Amino acid sequence: DTIPEYIRAMLIEMNKHCSKILLITERKKLAQEAISFLENNNIEHITARNKGMDFGKWYVALKQINIESWDRIILLNDSMFLIRPLDIFFTWCNNNSASVKGLLNSNERQTHLQSYFLVLEKEALLPTLKYFKKYKRFNKKRKIIRVYELGLSQFWRDLDLVLGSFIDINSMRTGFAQNPAYFLLE
């Protein structure tokens with residue numbers, strides 16, 4: 001199997017902002033040209049069954065690393081399509097003191113950071129790993145949303161960790177009662 005171009009573009013962009021990248025795929029066997037791409041860009045590769053969607057794969061990866069040696073971990077899924085460099089976002093991250101940062105927040109069901117792009121700073125890493133170890137992986141989408149998509153933001157708030165959103169839907173002039181991704185497409 002190969003790595004789609006839009007994912008390659010994101011990996012190259014992330015390489016500008018990260019000291020280490022770990023790509024998690026479901027497929028164990030990659031085409032030689034995909035392996036060469038990863039090696040040429042200093043990207044590590046692990047596999048994980050698609051149980052629990054992104055959170056299940058992140059759970060597998062977080063268990064495999066020495067989390068205490070990291071200062072920041074970025075959880076990013078493959079639904080992101082890069083349309084411009086992320087320099088502005090990472091400048092914001094570097095100048096923002098929040099413990100957990102997201103690209104976008106949502107008020108759908110309850111206020112939370114959208115999980116497709118999360119930046120966890122050092123003080124959030126160990127508690128997040130413990131949360132993942134407590135809940136492990138699920139197959140049922142509703143449970144994944146309740147426990148991880150919504151539950152993680154609540155868990156972090158309960159620990160008094162500050163959450164920040166690069167695009168804060170509550171500060172937009174029109175405001176969004178629920179998930180802005182549905183409305184921003186227009």
Side-chain angles (χ1 to χ4, degrees), residues 1 3 7-8 10-30 34-80 82 86-87 89-103 112-139 143-144 147-166:
D1 275 351
I3 300 169
I7 293 176
R8 288 175 189 243
M10 180 61 82
L11 291 169
I12 290 168
E13 179 65 21
M14 294 302 290
N15 238 341
K16 293 174 15 186
H17 306 283
C18 302
S19 59
K20 185 173 184 176
I21 297 178
L22 180 61
L23 176 67
I24 310 163
T25 66
E26 190 172 353
R27 307 203 191 276
K28 291 184 180 185
K29 188 164 174 88
L30 291 175
I35 293 168
S36 295
F37 169 81
L38 296 176
E39 289 171 352
N40 291 339
N41 289 285
N42 198 29
I43 299 169
E44 293 183 38
H45 175 247
I46 65 168
T47 60
R49 275 187 31 235
N50 192 15
K51 178 180 179 186
M53 301 166 71
D54 302 324
F55 297 104
K57 290 180 183 175
W58 295 337
Y59 167 71
V60 169
L62 290 174
K63 286 191 329 177
Q64 291 186 25
I65 64 171
N66 177 8
I67 204 160
E68 292 178 14
S69 68
W70 292 74
D71 293 321
R72 173 187 278 175
I73 290 180
I74 300 168
L75 303 175
L76 172 66
N77 75 21
D78 64 357
S79 69
M80 284 285 297
L82 188 66
L86 295 172
D87 299 346
F89 173 74
F90 281 105
T91 297
W92 172 82
C93 284
N94 294 334
N95 294 319
N96 185 299
S97 62
S99 300
V100 182
K101 302 164 183 110
L103 186 63
H112 64 282
L113 293 175
Q114 295 280 288
S115 64
Y116 59 85
F117 198 149
L118 295 170
V119 178
L120 286 69
E121 300 296 347
K122 183 117 183 133
E123 62 273 16
L125 297 180
L126 201 52
T128 302
L129 176 61
K130 288 179 181 176
Y131 187 89
F132 271 83
K133 285 183 174 179
K134 176 180 179 181
Y135 290 104
K136 299 184 176 46
R137 303 193 301 175
F138 312 114
N139 284 324
K143 191 168 186 178
I144 294 166
V147 170
Y148 284 112
E149 180 77 22
L150 304 173
L152 262 173
S153 287
Q154 186 60 53
F155 170 74
W156 291 321
R157 280 192 297 273
D158 290 347
L159 293 175
D160 292 324
L161 295 174
V162 176
L163 279 61
S165 180
F166 180 67

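Since we're looking at a predicted model, the values are computed, not measured.
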Approximate separation, where rounding is to 0.5 Å, of [X] [atom1] and [Y] [atom2]:
| X | Y | atom1 | atom2 | answer |
| --- | --- | --- | --- | --- |
| Glu121 | Thr128 | CD | OG1 | 11.0 Å |
| Tyr131 | Trp156 | OH | CH2 | 9.0 Å |
| Ile12 | Ile43 | CD1 | CD1 | 7.5 Å |
| Arg72 | Leu120 | CZ | CG | 10.0 Å |
| Ile65 | Leu125 | CD1 | CG | 7.5 Å |

Between the main-chain N or O of [Y] and the side-chain N or O of [X], is there a donor-acceptor pair closer than 3.5 Å?
| X | Y | result |
| --- | --- | --- |
| Lys122 | Glu68 | yes |
| Asn15 | Asn41 | yes |
| Asn96 | Ala98 | yes |

Any residue meeting side-chain contact (heavy atoms from CB on, under 4.5 Å) with Asp87, in chain and number order, not counting sequence neighbours: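 For Asp87, the residues satisfying side-chain contact (heavy atoms from CB on, under 4.5 Å) (neighbours in sequence not counted) are Glu13, Lys16, His17, Pro85.
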Only counting residues at least two apart or in another chain, list the ones meeting side-chain contact (heavy atoms from CB on, under 4.5 Å) with Glu39. Ile35
Less than 4.5 Å apart, any side-chain heavy atom of [X] and any of [Y]?
| X | Y | result |
| --- | --- | --- |
| Trp70 | Lys20 | yes |
| Val100 | Leu152 | no |
| Ile74 | Phe90 | yes |
| Met10 | Leu86 | yes |
| Leu38 | Leu30 | yes |
| Ile3 | Leu23 | yes |

Under 6.0 Å between ring centres, would you say that holds for Phe89 and Phe117? yes
Closest non-hydrogen atom pair between [X] and [Y], with its separation:
| X | Y | value |
| --- | --- | --- |
| Ser165 | Leu103 | OG-O, 3.9 Å |
| Ile67 | Leu126 | CG2-CD1, 3.8 Å |
| Arg8 | Ala34 | NH2-CA, 3.9 Å |

Give the intermediate values and the outcome of side chain to side chain contact (heavy atoms under 4.5 Å, CB included) for residues Leu11 and Ile21. CA-CA 8 Å; Leu11 291 169; Ile21 297 178; 3.9 Å; yes
Could you tell me whether Asn94 atom CG has more than 12 heavy atoms of other residues or ligands within 6.0 Å of it? yes
Using the test salt bridge (charged side-chain N to carboxylate O under 4.0 Å, His left out), find all partners of Arg157 that sit at least two apart in sequence or belong to another chain. none
